[in-house]
Amino acid sequence: MSSELRNPFEIEGFRLVPEALDRPAQVALAREIMAAAEEAPFGRYTTPGGASMSVAMTSLGPLGWTSDSRGYRYRPDHPVTGRPWPAMPDALLTLWRAATGLEVPPDSCLVNLYRGAARMGLHQDRDEADLGFPVVSISLGDDARFRLGGLSRREPTAAVTLRSGDLVVLGGRARLAFHGIDRILGGSSSVVPGGGRLNLTLRRARPA
Ligand code: MD6
Ligand code: FE
């Protein structure tokens, strides 16, 4: 069978765990994240190409992923306040260990906030030093259409709905698969204070 006919969700290393967090855990985590964002405010970064992203972002942990006209990078401080990123909540360290079985902890959590028409174009996560580590994401709040493709932009894609509490792992052969968010189903959840959707991606940015 030609590779064009393969379902991207069957790529080795892709995993979707529905409702990995129950509703009370979702509510507690969403509140904790929004409280941390008082210290490290969400901002809309600029791509190296000069476009303003529609998703608002902040980070938790030793390093935060950022973007500006000079490129993508991990940095230890918030680009506006200059202060260190808030600590990573214990619940996230526990989720990472349970999902990956790894003793090495994540050193970065990118927090994506989607409201209104925010979306995220197809991309690869490849700014981390050791691509042997997976990226683990947890979604909170409104439903989202998550699109997954292959290792090149030319390969076919397919979409699935991510709901509040769902966990996704991109590891193994899926680690560099293209993926993105087509759209949010606004008002489908009340888990995020103020509405919308949070997606938390746990990464190991620096070598272990
Ligand atoms: C999102 N997720 O769900 C965007 N990246 O809003 C990602 O970009 C992502 O879910 C790496 C691994 C899992 C993900
Ligand atoms: Fe990603």
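Just so it is clear, the values below take in all heavy atoms, side chains as well, and ignore hydrogens, waters and symmetry mates. Just follow the structure's listing: the first ligand is 1, and inside any ligand the first atom is 1.
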Any idea which heavy atoms bring Thr58 and Ala40 closest together, and the distance? OG1-O, 2.8 Å
At what distance, to the nearest 0.5 angstrom, does CH2 of Trp96 lie from CZ of Arg204? 8.5 Å
Tell me which one of Met120, Arg197, Arg203 gets a heavy atom nearest to atom 3 (O) of ligand 1. Arg197
Numbered atoms and elements of ligand 1 in range of Asp125, under 4.0 angstrom, heavy atoms: 5 (N), 11 (C)
To the nearest 0.5 Å, what is the distance between CZ (Arg203) and OH (Tyr74)? 4.0 Å
Atoms of ligand 1, numbered as shown, that sit under 4.0 Å from any heavy atom of Ile181: 1 (C), 3 (O), 4 (C), 6 (O)
Vertex the Fe ion (ligand 2): angle to NE2 of His123 and NE2 of His179, to 10°? 80°
Do you know the tightest heavy-atom contact between Asp143 and Ser188? N-OG, 2.9 Å
Does His123 reach ligand 1 with a nitrogen or oxygen that is under 3.5 Å from one of the ligand's nitrogen or oxygen atoms? yes
Residues Thr201, Asn199; criterion side chain to side chain contact (heavy atoms under 4.5 Å, CB included); working and verdict: CA-CA 6 Å; Thr201 43; Asn199 180 263; 3.4 Å; yes
Check each of Thr66, Asp127, Asp68 against Arg73 using the side chain to side chain donor-acceptor pair (under 3.5 Å) test, and report the only one that passes. Asp68
Check: Asn199 N/O within less than 3.5 Å of ligand 1 N/O: yes
Using a strict cut-off of less than 4.0 Å between a Lys/Arg side-chain nitrogen and an Asp/Glu carboxylate oxygen, indicate whether Arg83 and Glu39 qualify as a salt bridge. yes
Where is the nearest protein heavy atom to atom 10 (O) of ligand 1: which residue, which atom, and how far? Ser137 OG, 2.9 Å
Provide the number and element of each atom of ligand 1 under 4.0 Å from a heavy atom of Thr201. 5 (N), 9 (C), 14 (C)
Where ligand 1 meets Phe146 - atom numbers and elements under 4.0 angstrom, heavy-atom basis: 10 (O)
Correct closest heavy-atom pair for Val191 and Ser164 would be CG2-OG, 3.7 Å
Determine which of the N, O or S atoms in Asp125 is closest to the Fe ion (ligand 2) and give its atom name. OD1
Protein heavy atom at shortest distance from atom 6 (O) of ligand 1: Tyr114 OH, 2.4 Å
Nearest to atom 9 (C) of ligand 1, what protein heavy atom do you find, and at what distance? His179 NE2, 3.3 Å
